[in-house]
Amino acid sequence: MSKVHRIDEPSPAELDAIEAEWPLIAAELDVLDAEIAIINAADRGGPAPLDWRRLRRAEARVTRVAADLAGRPAVRKAVA
């Protein structure tokens with residue numbers, strides 16, 4: 001008996017691709033959080049040096065993770 005795949009759900013291959021890219025997704029979410037903190041800092045007189053440092057570190061992490069992912073073998077997606 002074969003397993004039926006619903007069209008509105010990600011395929012196992014798509015889930016594998018998401019899992020492989022998750023470190024980059026998480027790093028980009030950290031950048032977004034840091035940017036939001038900088039925007040919200042206006043309520044307390046503007047961003048502090050620590051806010052800017054957090055943003056720079058998050059951006060550097062995105063660069064490192066993206067470089068790491070670029071060095072890995074690509075996950076190929078089957079084309080129908």
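When a residue number appears, it is its place in the shown sequence, counting from 1.
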Under a 4.0 Å N-O cut-off, is there an ion pair linking Arg72 with Asp68?
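Salt bridge present between Arg72 and Asp68.
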Hey, what do you get for CG (Leu50) to CG (Leu55), rounding to the nearest 0.5 Å?
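Between Leu50 CG and Leu55 CG, I get 11.5 Å after rounding to 0.5 Å.
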I need the minimum non-hydrogen distance between [X] and [Y], along with the two atoms involved.
{"X": "Glu9", "Y": "Glu14", "value": "O-OE1, 4.3 Å"}
{"X": "Leu15", "Y": "Pro10", "value": "CD2-CG, 3.6 Å"}
{"X": "Val65", "Y": "Ala27", "value": "CG2-CB, 4.5 Å"}

With sequence neighbours left out, which residue pairs that include part of residues 36-52 fulfil the side chain to side chain donor-acceptor pair (under 3.5 Å) condition?
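Listed once each, the pairs are Arg44-Asp51.
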All pairs passing side chain to side chain donor-acceptor pair (under 3.5 Å) where residues 18-38 contributes a residue, at least two apart
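Of all non-adjacent pairs touching residues 18-38, those that pass side chain to side chain donor-acceptor pair (under 3.5 Å) are Asp30-Arg61.
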